[in-house]
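Protein chains get the first letters and strands the later ones, always in sequence-line order, with residue 1 at the start of each. Worth saying up front: this structure is predicted, and the values here are computed from it rather than measured.
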2 protein chains.
Amino acid sequence: MSVRPLKHPEMRSVALADVLHALSDPDRLAIVAALHEAKTPLNCVETMERVGSGLPKSTCSQHYAVLRESGLIWCERRGVELESRLRTAEIEVRFPGLLKSILKARRLESASE
Amino acid sequence: MSVRPLKHPEMRSVALADVLHALSDPDRLAIVAALHEAKTPLNCVETMERVGSGLPKSTCSQHYAVLRESGLIWCERRGVELESRLRTAEIEVRFPGLLKSILKARRLESASE
DNA sequence: TTCTCTTGTTCCGAATCCATGAACTACTAG
DNA sequence: CTAGTAGTTCATGGATTCGGAACAAGAGAA
């Protein structure tokens, strides 16, 4: 049982369906929103504090893998931590306006209850 | 074994995660794109002709149920057919710009291969 | 009516996906 | 070396999904 190296897709090979699938889970969407608002990279603990849902860490780790493999986030190991950031600019080039409108939709949704 | 009545969610109770999940499947996304381009309601056969994928009809029927229950499409039975249309205007009110940017992203993606 | 064709639905088994606890890696600090 | 922290991997049970077969339901013909 050894830790696999992190691998990130090139943005030009990122599929829309994968992006939408990654964002179709409320917890993953919350992670993305937190990374978006933070503007600075966050590790998992920091992110989950902002998200405020008590997810088991194994589940959390899987969510990060889905987000990473979908092309939405870029991760780097910093010692024992995993530093993640949204690939905002790259995504904007590939799918202009997409991320913005999804994050806006999420804000509207959470404002309406 | 009897056919259940069609039920549609009210738009204000439609969840973003459900919409994204519905659109995260390439075939469903293609159905939505076809309905969008058609501008007029289509039945399943007409839609699948435009989509051009030989999906089994049971799978197809499930996809329609997912799209309907997510709030994306409105369906009515016309005799033996199921007439479907995108709930474009309502969705635009609930999640402004969302559908538009997703459909645009899909066009960009299919143009890039 | 009854027969047949068409369109879509439901059921069910198999395959697949997903969530989570337990065990583990890997790094840091003392 | 030991302990602590951050995250990963594995195993497994539960939930979803796919697709073939059977079915429902309406239209049209006789």
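The side chain of B:Arg77 has C:dT9 as its nearest neighbour among C:dT9, D:dG7, C:dT7. Here D:dG7 is the nucleotide among C:dT7, D:dG19, D:dG7 with the atom lying nearest to any side-chain atom of A:Glu81.
No donor-acceptor pair under 3.5 Å is formed between the side chain of B:Ser61 and the backbone N or O of B:Lys57.
Rounding to whole angstrom units, CG of residue A:Leu55 and P of C:dC18 are separated by 15 Å. Spacing between atom CG of A:Leu82 and atom C1' of D:dT5 amounts to 14 Å, rounded to whole angstrom units. A:Tyr64 places its OH atom 18 Å from the C1' atom of D:dT9, with the value rounded to the nearest Å. Distance, A:Arg68 CZ to D:dT8 C1': 10 Å, rounded to whole Å. What separates CD of A:Glu76 from P of C:dC27 is a distance of 15 Å, to the nearest Å. The distance from atom CD of B:Glu83 to atom C1' of C:dT6 is 17 Å, rounded to the nearest whole Å. Rounded to an integer number of Å, the gap from CD of B:Glu46 to P of C:dT6 is 16 Å. If you measure from atom CG of B:Asn43 to atom P of C:dT9, you get 11 Å, rounded to the nearest angstrom.
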Can I get a per-line list of side-chain donor-acceptor pairs under 3.5 Å for residues 65-72 of chain A, giving both atom names and the distance, sequence neighbours left out?
residue, atom, partner, partner atom, Å
A:Ser70, OG, A:Val66, O, 3.4
A:Ser70, OG, A:Leu67, O, 2.9
A:Ser70, OG, A:Leu72, N, 3.4

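Across every non-hydrogen atom of B:Glu46 and B:Pro41, the tightest pair is OE1-O, 4.4 Å. In terms of heavy atoms, A:Ser84 sits closest to A:Leu35 at O-CD2, 3.6 Å.
Checked for salt-bridge contact, A:Arg78 and A:Glu76 meet the test: a charged N lies under 4.0 Å from a carboxylate O. The residues A:Arg85 and A:Glu83 are annotated as salt-bridged, a charged nitrogen and a carboxylate oxygen being separated by less than 4.0 angstrom.
In the hydrophobic cluster analysis, where Ile, Leu, Val, Met, Phe, Trp and Tyr join through side-chain heavy atoms closer than 4.5 angstrom, B:Phe95 is grouped apart from B:Trp74.
Taking CG from A:Leu16 and CG from B:Leu23, the interatomic distance works out to 8.5 Å, rounded to the nearest 0.5 Å. In this structure, B:Leu20 CG and A:His21 NE2 are separated by 11.0 Å, a value rounded to the nearest 0.5 Å.
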Return the polar atom pairs (N/O with N/O) between nucleotides 15-17 of chain D and the protein under 3.5 Å, or none.
residue, atom, partner, partner atom, Å
D:dT17, OP1, B:His21, NE2, 3.0

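Under 4.0 angstrom from either OP1 or OP2 of D:dC10 there lies at least one side-chain N or O belonging to A:Arg4.
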What does the B/S/- profile of nucleotides 20-30 of chain D look like, 5' to 3', with a 4.0 Å heavy-atom cutoff to protein? BB-SSBS----
